[in-house]
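Working notes, beginning with the structure itself.
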Amino acid sequence: MISATTLSPPPTHLPSLPQTPPLSLIKTCKSMAQLKQIHSQTICTGLISNPIVPAQIIAFCCKHELGDMEYARMVFDTMPGPNHFVWNNMIKGYSRVGCPNSAVSMYCEMLERGVMPDEYTYPFLLKRFTRDTAVKCGRELHDHIVKLGFSSNVFVQNALIHLYSLSGEVSVARGVFDRSSKGDVVTWNVMISGYNRSKQFDESMKLFDEMERMRVLPSSITLVSVLSACSKLKDLNVGKRVHRYVKDLKIEPVRVLENALIDMYAACGDMDTALGIFDNMKSRDVISWTAIVTGFTNLGQVGLARNYFDKMPERDFVSWTAMIDGYLQVNRFKEVLSLFREMQAANIKPDEFTMVSILTACAHLGALELGEWIKAYIDKNEIKIDSFVGNALIDMYFNCGNVEKAIRIFNAMPHRDKISWTAVIFGLAINGYGEEALDMFSQMLKASITPDEVTCIGVLCACTHSGMVDKGKKFFARMTTQHGIEPNVAHYGCMVDLLGRAGHLKEAHEVIKNMPVKPNSIVWGSLLGACRVHRDEEMAEMAAQQILELEPENGAVYVLLCNIYAACNRWEKLHEVRKLMMDRGIKKTPGCSLIEMNGSVHEFVAGDQVHPQSKEIYSKLDEMSVDLKFAGYSPDTSEVFLDIGEEEKESAVYRHSEKLAIAFGLISSGPGVTIRIVKNLRMCVDCHYVAKLVSKVYNREVIVRDRTRFHHFRHGSCSCKDYW
DNA sequence: ATAGGGTTAG
């Protein structure tokens with residue numbers, strides 16, 4: 001509502017009004033304050049009764065950058081019979097301020113009051129539609145347009161193409177396009193951006209070619225859209241062609257176009273050209289900088305990306321997310337989390353893209369507390385849980401060992417896609433719920449979701465981790481016939497794992513010998529792992545040799561071989577391998593355990609002394625040793641392959657990183673709190689034994705995620721059933 | 001008296 005003060009007389013510094021015709025004044029008017037003064041003058045002089053005057057006042061409010069739609073509506077309501085110029089302007093105004101629903105209401109009112117829309121009405125009305133309004137009103141408005149005979153107007157056609165591509169009906173949009181005259185470059189632009197919107201970039205490219213054939217000259221906007229498609233398709237050839245267009249047609253390289261060029265070159269990995277354009281720009285905005293940052297992150301060059309990120313004059317949530325995602329791509333999870341903290345300190349609001357990156361990092365680190373915090377943040381800020389966020393949450397919970405919450409997210413998701421189902425099958429499998437994983441798979445089939453290669457790996461993985469050899473074999477045999485999926489090297493690897501872990505080493509070897517694809521080091525690695533569990537040194541030697549032929553630098557193979565020789569008491573052979581390792585300069589990957597406590601991740605390596613609470617940790621360890629021995633513990637050093645005495649071996653396993661992490665967990669959390677640890681390698685037998693006893697003696701649940709699976713220790717036993 | 005199209009991240 002208008003207040004009395006708004007209609008007060010103009011301040012003295014403005015020219016006096018009555019002498020000047022109000023229409024020309026409105027044309028040069030700069031602000032709402034000025035407009036209100038002009039308005040009040042026209043009321044005083046009675047000029048307002050000329051309908052052109054309120055119409056112009058309304059037009060100002062509807063068109064001007066600073067125009068106020070409430071004021072427009074107030075003036076509008078004083079008009080007895082507004083004509084369609086006025087109605088059109090009101091509709092345009094509501095669209096301009098991003099209120100498509102108000103624009104639609106205005107349009108409906110117009111019809112109710114018997115004023116016929118004209119060909120200007122529809123472009124105004126449709127301009128700022130959202131997906132929702134487009135879905136809701138699109139068809140009906142199209143009907144009106146046809147009935148009123150405006151469907152041959154090119155502006156209306158363009159608006160319709162825009163409308164249908166917004167509502168996701170690109171093929172209907174294409175129908176309108178095909179029936180249009182195609183002489184107008186904007187028609188092409190709208191159609192191309194429609195294809196981009198629905199990620200049909202190849203169609204965008206085809207239209208660009210066809211445009212050339214039909215000799216429609218592209219505008220800089222066409223080129224921006226086509227460059228965007230090139231960048232998504234990583235099509236450097238067409239991208240360069242567009243660049244040549246810009247030069248040949250002497251199209252002014254405005255910033256948006258330069259940004260699109262940078263993005264295209266960066267996406268195609270040509271950073272030299274991208275930087276060449278970037279360096280020569282007159283002015284750069286946040287998009288120019290972000291395009292360079294993502295260019296480097298896509299190449300895995302996070303250091304360079306970070307240099308540019310740090311130099312940015314301003315950063316928005318996209319830039320932060322791009323940089324965060326860069327660290328994620330190269331598995332630098334701790335940097336992901338610390339950059340996220342910086343982002344929060346800078347008061348930049350994350351969106352669902354950011355959330356996915358952070359959750360993925362939490363999943364890798366097993367950082368449940370931070371993951372839970374993110375979940376709470378998502379709920380509190382009403383960030384929508386789309387399938388990307390949902391799947392990331394499922395992954396996070398499973399990878400932190402919280403099966404129950406993972407399932408809860410899955411059950412609450414409105415749209416579960418193939419990825420969601422696959423995530424659940426995998427999650428159940430690695431957490432020791434093999435039967436449940438297979439049950440999920442049947443439910444997935446019942447829900448008519450088609451499994452893919454990855455889903456099949458999940459199913460086989462479930463069988464492996466729960467020792468369901470027959471079910472695994474049956475599934476494998478039916479993969480092609482029932483699900484139409486040809487087994488690839490990863491599936492054969494699963495079969496080797498399945499048979500090998502169950503002790504069928506010969507059969508596993510047969511699978512390798514008979515597989516139609518060349519076995520890779522992972523397949524042989526599965527066999528080698530099985531040889532360790534079942535202490536078959538001969539087969540192990542053969543498998544190790546195969547791997548070393550493929551990957552001579554694979555340190556893990558030497559270590560595994562050492563473990564096996566140690567367990568089989570083959571000391572001479574052990575020495576040979578040890579010497580080979582020394583000669584070839586191969587080092588063992590140090591074992592490392594992560595534990596999250598009060599929101600930060602603590603990292604331990606064997607014999608760690610750098611933790612600030614080191615003293616307390618070691619005295620807790622001594623205390624544990626006494627308590628556990630009382631419960632029957634004696635150290636198992638069978639896998640230690642260092643050439644040292646028994647006592648030293650005991651002291652070596654005593655200082656393993658997961659034991660330090662457990663001790664730290666015990667002293668830094670209250671009774672009954674679950675201790676969650678992530679280990680980068682496989683757990684050793686002694687640590688596995690200790691964890692079982694800890695869960696019994698201290699009545700604590702201990703969850704250890706190792707390289708391939710979870711160990712849930714409860715009441716003295718483990719979910720892996722000592723089978724890992 | 002009034003019209004339309006574009007760039008960055010999973």
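Note that these values count all heavy atoms, side chains included, but never hydrogens, waters or copies made by symmetry.
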Once you round it to whole Å, what is the distance between [atom2] of [N] and [atom1] of [X]?
| X | N | atom1 | atom2 | value |
| --- | --- | --- | --- | --- |
| L125(A) | dT2(B) | CG | P | 19 Å |
| M211(A) | dG5(B) | CE | P | 16 Å |
| I251(A) | dT7(B) | CD1 | P | 16 Å |
| F60(A) | dA1(B) | CZ | C1' | 16 Å |
| W188(A) | dG6(B) | CH2 | P | 17 Å |
| Q329(A) | dA9(B) | CD | P | 12 Å |
| L227(A) | dT7(B) | CG | P | 11 Å |
| F317(A) | dA9(B) | CZ | P | 12 Å |

Listed nucleotide nearest any side-chain atom of [X], set [options]:
| X | options | result |
| --- | --- | --- |
| D118(A) | dG5(B), dG10(B), dT2(B) | dT2(B) |
| I221(A) | dG5(B), dA9(B), dT2(B) | dG5(B) |
| N189(A) | dG10(B), dG5(B), dT8(B) | dG5(B) |
| V224(A) | dG10(B), dG5(B), dT7(B) | dT7(B) |
| Q56(A) | dA1(B), dT7(B), dG5(B) | dA1(B) |
| K127(A) | dA9(B), dG5(B), dA1(B) | dG5(B) |
| S225(A) | dA9(B), dG6(B), dT8(B) | dG6(B) |
| V190(A) | dA9(B), dG6(B), dG5(B) | dG5(B) |

Inset, instruction - Indicate, yes or no, whether a donor-acceptor pair under 3.5 Å links the base of dG5(B) to the side chain of S219(A). - result: yes
State whether [X] places a side-chain N or O below 4.0 Å from either non-bridging phosphate oxygen (OP1 or OP2) of [N].
| X | N | answer |
| --- | --- | --- |
| S357(A) | dG10(B) | no |
| S228(A) | dG6(B) | no |
| K232(A) | dT8(B) | yes |
| K27(A) | dA1(B) | no |

At under 4.0 Å between heavy atoms, what does [X] touch on the DNA or RNA strands: base, sugar-phosphate, or nothing?
| X | answer |
| --- | --- |
| N196(A) | nothing |
| Q157(A) | nothing |
| Y122(A) | nothing |
| E258(A) | nothing |
| D386(A) | base |
| N153(A) | base |
| V185(A) | base |

Inset, instruction - Could I get the full list of side chain to side chain contact (heavy atoms under 4.5 Å, CB included) partners for P117(A), not counting sequence neighbours? - result: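 For P117(A), the residues satisfying side chain to side chain contact (heavy atoms under 4.5 Å, CB included) (neighbours in sequence not counted) are Y107(A), M110(A), L111(A), T121(A), Y122(A), L148(A).
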Inset, instruction - Verify, without hydrogens or angle tests, whether W320(A) (side chain) and F340(A) (backbone) share a donor-acceptor contact under 3.5 angstrom. - result: no
Legend entry - Short side-chain to backbone donor-acceptor contact, R315(A) and V286(A), under 3.5 Å: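 Looks like no, no N/O pair under 3.5 Å.
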Legend entry - Carboxylate-amine/guanidinium proximity below 4.0 Å for R73(A) and E109(A):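 So R73(A) pairs with E109(A) through a salt bridge.
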Inset, instruction - Under 4.0 Å from any atom of DNA chain B, heavy atoms only: list the residues of residues 78-90 of chain A that qualify, in numerical order. - result: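 Heavy-atom cutoff 4.0 Å gives N83(A), F85(A), N88(A).
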Inset, instruction - Check each residue of residues 259-276 of chain A for a non-hydrogen atom within less than 4.0 Å of any atom in DNA chain B, then write out the ones that pass by number, or none. - result: N259(A), D263(A)
Inset, instruction - Specify the closest pair of heavy atoms between S219(A) and V185(A), including all atoms of both residues, with the distance to one decimal. - result: N-CG2, 3.8 Å
Pairs where [range] contributes a residue and the test salt bridge (Lys or Arg N to Asp or Glu O under 4.0 Å) is met, not counting sequence neighbours:
| range | value |
| --- | --- |
| residues 334-356 of chain A | R306(A)-E342(A), R332(A)-E335(A), K334(A)-E603(A), E352(A)-K384(A) |
| residues 162-181 of chain A | R139(A)-E169(A), R174(A)-D178(A) |
| residues 203-224 of chain A | E203(A)-K206(A), D209(A)-R241(A), E212(A)-R241(A) |

Legend entry - Residue pairs involving residues 267-277 of chain A (criterion side-chain hydrogen bond (donor to acceptor under 3.5 Å, both in side chains); sequence neighbours excluded):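 Every side-chain hydrogen bond (donor to acceptor under 3.5 Å, both in side chains) pair that includes a residue of residues 267-277 of chain A, provided the two are not neighbours, is D270(A)-T273(A).
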Inset, instruction - Just grab all the side-chain hydrogen bond (donor to acceptor under 3.5 Å, both in side chains) pairs involving residues 295-304 of chain A, residues at least two apart or on different chains. - result: none
Inset, instruction - Report yes if some heavy atom in the side chain of K182(A) is under 4.5 Å from a heavy atom in the side chain of T187(A); otherwise report no. - result: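 No; the side chains remain at least 4.5 Å from each other.
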Inset, instruction - For K199(A) and for S220(A), find the nucleotide of DNA chain B with the closest heavy atom, then tell me which residue's nucleotide is more 5'. - result: S220(A)
Under 3.5 Å, which donor-acceptor pairs do the side chains of residues 54-69 of chain A form with other protein atoms, sequence neighbours left out?
from	atom 1	to	atom 2	distance (Å)
H64(A)	ND1	L66(A)	N	3.1
D68(A)	OD1	E70(A)	N	2.8
D68(A)	OD1	Y71(A)	N	3.4

